[in-house]
Amino acid sequence: MSKYPSIARLVAINAVVGGLEIAACVAFTFIPPLLLKSGFSETHMSIILGVAPFMALFSVPMLGKWSDSCTSRYGRRRPFIFFFSIVLVFSLFLLFVGQSITVDIGTKTIRMLLLSVGVILLDYASQAAINPCEALMSDLMAGQQGEEAGFTVYSGMLSVGACIGYLLTALDWASLGVSAGNREQTALVIVLVLYVGCFLITMLSAHERPFRALSLDDRDIDIHTKLLNAETTSDPGYESDESDTLNRSPGWPRIKGNRAILSLRRCSPMKILTAPPKIILNALCLPLNFYRTISTAPPVLRDLFWADLASWIAIMAHGMFYTDFVATAVYGGQPDAPPGSVYDLLFDEGVRMGSWGLLLHSITACVYAVFVQEHVTKLIGLKRSYQLGLGIFALSMAVTVLNTSSLSCLNLAAATSGLGYAVITTIPNALVTMYHEDPLLYFGTDAGKAGVGADIAILDSGYYLSQIGLSLVMGRLVEMTGLPHYYIIVACISGLGATLAANKVVFSPQDLK
């Protein structure tokens with residue numbers, strides 16, 4: 001068994017996760033009000049927010065499979081993290097430039113185009129990059145006792161990133177003497193600096209060993225032999241950077257000659273650059289392919305997917321639209337009000353106060369995931385811990401929608417909702433890692449058909465679907481009724497649904513009986 005990684009090393013490897021969350025939180029806070037102020041309607045704003053999850057829905061599962069078999073000398077996951085990081089940096093540049101364009105009849109279209117493209121690319125990159133980050137952590141923790149600890153650090157870094165992101169949006173930078181344009185532009189510049197730092201820490205810390213692909217002669221090896229030879233790794237033929245020695249089992253011969261050259265080309269830069277045509281072709285078959293992916297998944301993974309989907313609908317309905325809810329329902333602001341008017345100032349103040357609420361949400365999630373969740377799990381079990389977090393989240397949403405007149409009550413509810421975020425970012429990924437440690441037990445005849453990256457991509461599909469559904473429905477619903485309360489109502493109902501759906505999820509071998 002490989003050496004258990006230290007907490008400091010886990011934090012360093014997950015640094016890029018924190019950077020991604022910083023970017024995502026700044027985006028979710030600023031983007032809806034920014035698009036509304038630029039002339040987009042609620043419906044069009046919601047559609048733009050749904051484009052990136054739609055792209056991720058059909059591209060990430062394919063990219064997950066590619067990363068499982070990537071034989072780059074830099075490892076399986078880091079090449080993909082690098083690619084999405086380039087896209088994210090470019091999107092920040094577009095958003096900064098888009099806001100620099102003054103609004104008039106001749107430039108309004110260009111401004112709207114730059115902002116919408118920047119929003120889509122930022123949203124897509126920050127979401128798609130999470131898959132290789134999760135798979136990297138699963139690779140590292142495979143075969144370790146208590147793999148939940150690794151994903152606890154992962155969740156903690158997500159929460160820390162969220163805290164920093166929401167803090168960036170809540171502060172009045174002009175009053176602090178820091179300015180790179182308006183408040184949004186200043187936050188984007190700081191995000192860029194922080195993300196580059198987090199990215200470099202992860203890329204220099206996660207020294208992955210290159211994937212040892214199977215030779216063509218090994219295809220007929222019995223699956224039981226394969227699984228026995230890979231009992232301490234997340235996927236056959238792979239070891240993390242923490243291995244003391246590189247065990248070479250007779251069942252996994254080295255690749256020689258031309259086969260080695262072909263294997264090294266499996267994750268070449270050219271393969272990444274030629275991905276767009278394949279992605280477009282895949283989009284045409286998306287509904288059928290997605291249905292096949294879910295319907296043919298092992299039952300334990302399929303049940304986890306449905307619970308995870310309901311959970312993410314609840315979390316994202318709150319996270320994506322909370323600042324809009326506070327700005328309009330609590331403060332009475334209007335996004336289309338003339339600049340400098342009372343309603344415009346109320347809207348901006350509502351967005352800023354909503355950011356403080358989300359900051360409290362993230363602080364609670366971080367503290368609970370790192371210091372409390374492990375003790376709660378030991379006390380009541382993994383399943384009840386998962387349901388407790390989601391149940392408290394649903395209750396906090398009910399309090400939020402019923403008490404819009406009390407700001408202190410709203411902040412308290414926002415803080416307690418962090419428990420739901422903590423459990424959903426730790427437990428599902430830990431369960432996938434647990435399933436792959438004994439695939440014959442949990443997957444049966446489906447064992448060995450997919451790697452960790454592909455199976456985590458199935459869970460990520462729930463994350464993307466939640467945003468697509470919310471984007472298609474919520475904007476139109478709120479625009480028709482004029483009630484932003486529906487954002488929080490949907491979050492509450494979905495949280496309750498996820499709590500009930502968890503009853504079918506396999507959390508231990510005893511649940512298989």
Side-chain angles (χ1 to χ4, degrees), residues 21-36 42 45-46 49-50 123 158-159 161-170 184 187 311-335 346-366 390 392-422 424-425 463 466-467 469-471 473-475 477-478 483-495:
E21 192 65 9
I22 292 173
C25 290
V26 170
F28 281 136
T29 302
F30 279 148
I31 283 174
L34 180 63
L35 292 178
L36 291 174
E42 288 274 359
M45 178 267 291
S46 297
L49 292 178
D123 198 8
L158 280 175
S159 299
C163 291
I164 297 173
Y166 290 130
L167 182 62
L168 293 179
T169 61
E184 290 84 358
S311 303
W312 277 118
I313 291 176
I315 296 295
M316 297 312 298
H318 175 251
M320 290 173 65
F321 303 110
Y322 183 74
T323 54
D324 190 14
F325 168 77
V326 174
T328 54
V330 179
Y331 276 77
Q334 297 177 3
L346 285 174
F347 186 83
D348 288 342
E349 182 65 15
V351 171
R352 197 170 68 86
M353 292 307 298
S355 299
W356 282 111
L358 292 175
L359 174 61
L360 295 174
H361 163 94
S362 301
I363 291 174
T364 302
C366 180
L390 291 173
I392 292 178
F393 174 86
L395 179 61
S396 69
M397 293 299 99
V399 172
T400 298
V401 79
L402 294 174
N403 292 274
T404 56
S405 60
S406 174
L407 189 59
S408 59
C409 187
L410 285 175
N411 287 334
L412 179 61
T416 56
S417 68
L419 272 66
Y421 186 79
I424 195 177
T425 53
Y463 174 65
S466 67
Q467 297 178 68
L470 291 169
S471 300
V473 175
M474 296 310 300
L477 179 62
V478 171
L483 294 174
H485 300 72
Y486 282 106
Y487 294 137
I488 310 302
I489 293 173
V490 169
C492 178
I493 295 174
S494 299

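The figures that follow rest on heavy atoms only: side chains count, while hydrogens, waters and symmetry mates do not.
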Self-check item: Distance in Å, Leu410 CG paired with Leu402 CG, rounded so as to fall on 0.5 Å steps
Solution: 10.5 Å
Self-check item: Leu470 versus Met320, closest heavy-atom pair with distance
Solution: CD1-SD, 4.4 Å
Quiz item: Which heavy atom of Met397 sits nearest a heavy atom of Ser417, and at what distance?
Solution: CE-CB, 3.8 Å
Quiz item: Can you name the residues that form a ring-ring contact (aromatic ring centres under 6.0 Å, His included) with Tyr421, not counting sequence neighbours?
Solution: His361
Quiz item: In Å and rounded to the nearest 0.5 Å, what is the OG to CD1 distance from Ser159 to Ile363?
Solution: 10.0 Å
Self-check item: Candidate pair Leu407 and Met353, rule side chain to side chain contact (heavy atoms under 4.5 Å, CB included), full reasoning
Solution: CA-CA 9 Å; Leu407 189 59; Met353 292 307 298; 3.8 Å; yes
Self-check item: Between CG on residue Leu346 and CD on residue Gln334, distance to nearest 0.5 Å
Solution: 9.0 Å
Self-check item: Phe30 and Glu184: CA distance, side-chain angles, deciding distance, side chain to side chain contact (heavy atoms under 4.5 Å, CB included) verdict
Solution: CA-CA 7 Å; Phe30 279 148; Glu184 290 84 358; 3.7 Å; yes
Quiz item: What are the two closest heavy atoms between Ser396 and Thr416, and how far apart are they?
Solution: CB-OG1, 3.3 Å
Quiz item: Can you find a heavy atom in the side chain of Cys409 that is under 4.5 Å from one in the side chain of Val399?
Solution: yes
Quiz item: Sequence neighbours excluded, which residues qualify as side-chain hydrogen bond (donor to acceptor under 3.5 Å, both in side chains) partners of Asn411?
Solution: none
Exercise. Indicate yes or no for a side-chain donor-acceptor contact from Thr425 to the backbone of Ala422 under 3.5 Å, with no hydrogens or angles considered.
Key: yes
Self-check item: Heavy-atom closest pair, residues Thr404 and Val330
Solution: O-CG1, 3.6 Å
Self-check item: Between Ser46 and Ser471, a side-chain donor and acceptor under 3.5 Å
Solution: no
Quiz item: Nearest heavy-atom pair of Met474 and Tyr486: which atoms, and what distance?
Solution: CE-O, 3.3 Å
Quiz prompt | Intermediate values then yes/no, side chain to side chain contact (heavy atoms under 4.5 Å, CB included), Asp324 and Phe347 | solution = CA-CA 8 Å; Asp324 190 14; Phe347 186 83; 4.0 Å; yes
Quiz item: Below 4.5 Å, heavy atoms only, C-beta onward: do Phe325 and His485 meet side chain to side chain?
Solution: yes
Self-check item: Distance (rounded to the nearest 0.5 Å) between Tyr166 OH and Ser362 OG
Solution: 5.0 Å
Quiz item: If you round to the nearest 0.5 Å, how far is CE of Met316 from OH of Tyr322?
Solution: 15.5 Å
Quiz item: Distance from Leu359 atom CG to Ile164 atom CD1, nearest 0.5 Å?
Solution: 10.5 Å
Practice problem: Please report the closest heavy-atom contact between Gly350 and Val326, naming both atoms and the distance. | Solution: O-CG1, 3.5 Å
Quiz item: Would you call Ile488 and Phe321 a side-chain contact if the rule is heavy atoms closer than 4.5 Å?
Solution: no
Practice problem: Go through the steps for Leu390 and Ser311 under the test side chain to side chain contact (heavy atoms under 4.5 Å, CB included), then give the verdict. | Solution: CA-CA 7 Å; Leu390 291 173; Ser311 303; 3.6 Å; yes
